[in-house]
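Notes to accompany the following structure.
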Amino acid sequence: MADGKPTLHHLENSQSHLILWLLEELGIEYNLVLYPRVKGRSPPALHEIHPLGKSPTLVTPSGRVLTERSAISLWLINTYDEAGRFKIPAPAPGSVDDAVREEQLLSLGGATLGPMLMVKLITTLLVKQAPFFVRPLLAVVPFALNRVFLDAELAHLIEYLEAQLAPPDGKGEAREWFLGTKEPTRADFSLMWYLDWAFQWKWVDFAKYPNLKAFHDRCTARPAWKRALEKGNGYQLVFW
């Protein structure tokens with residue numbers, strides 16, 4: 001669309017909601033194209049926008065097609081956040097709240113936490129969508145994986161993220177955002193996806209992690225989050 005606005009191609013019940021949330025936080029004008037899932041998958045129409053057919057997909061005013069949440073959020077913030085609300089400020093002397101730490105948190109989500117949640121999802125659906133008479137047999141697979149590996153590793157990662165929101169010196173109040181900023185940065189927009197995924201599937205008892213629970217509540221209470229829910233076409237991650 002040659003109207004000077006970015007266009008978000010948005011799939012229901014998907015991580016595209018996090019980009020819609022960021023667009024609302026930025027307060028810019030944008031075009032929104034909504035897509036329903038077809039048998040739980042992305043529809044053929046999304047493949048016409050990008051060969052991978054994934055969402056979120058953002059088309060810039062110049063016609064460049066961007067995929068992947070991290071890249072899209074980087075472009076949006078660099079392009080439209082003129083006031084620097086969501087950018088990392090220059091770190092104070094001795095502070096490690098810099099671009100490298102942000103990249104570490106982004107990589108933790110995409111390379112470690114995300115794949116682990118995907119394995120939990122696949123093994124859960126393996127049982128849920130199997131014929132009734134073989135479900136008891138297949139249920140052994142996720143039970144064993146969770147008991148031997150996944151649950152302990154996921155708990156270890158969640159404990160680590162809980163600690164990242166603790167006061168750096170062990171005193172005072174917990175951080176609101178992962179880099180100690182006054183507003184969310186790209187790390188927060190990214191990590192909220194994985195945390196909300198685990199939250200909706202009830203894979204993590206967030207009552208045990210007060211810092212992460214407060215972070216999750218803080219995100220979902222923001223007016224921009226609520227506007228994104230209203231403008232989207234559904235954000236229910238347990239839809240199979």
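Every value quoted in this text rests on a predicted model; they were computed, and no experiment measured them. As a basis for the values below, the full set of heavy atoms in this structure was taken, side chains included, without hydrogen atoms, waters or symmetry mates.
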How about [X] and [Y]: are their ring centroids closer than 6.0 Å?
X	Y	answer
Trp75	Tyr80	yes
His10	Tyr35	no
Trp225	His17	yes

Kindly work out whether a path of hydrophobic side-chain contacts (I/L/V/M/F/W/Y, heavy atoms less than 4.5 Å apart) joins Trp177 to Leu18. yes

Which heavy-atom pair separates [X] from [Y] by the least distance, and what is that distance?
X	Y	value
Glu183	Thr181	O-OG1, 2.6 Å
Lys120	Asn146	NZ-OD1, 2.9 Å
Arg186	Glu102	CB-OE2, 3.2 Å
Phe206	Leu195	CZ-O, 3.6 Å

Looking only at side-chain N and O atoms, does Asp196 offer a donor or acceptor that is under 3.5 Å from a partner on Tyr235? yes

Strictly by modelled atom types, are Thr57 and Ser55 linked by a side-chain donor-acceptor pair under 3.5 Å? no

Taking the cut-offs as 6.0 angstrom to the six-membered ring centre and 45 degrees off its axis, would you call Arg69 and Tyr194 a cation-pi pair? yes

In Å and rounded to the nearest 0.5 Å, what is the CG to CG distance from Leu26 to Leu23? 6.5 Å

Quick check against the 3.5 Å criterion: does Asn13 have a side-chain atom that pairs as donor or acceptor with the backbone of Leu237? no

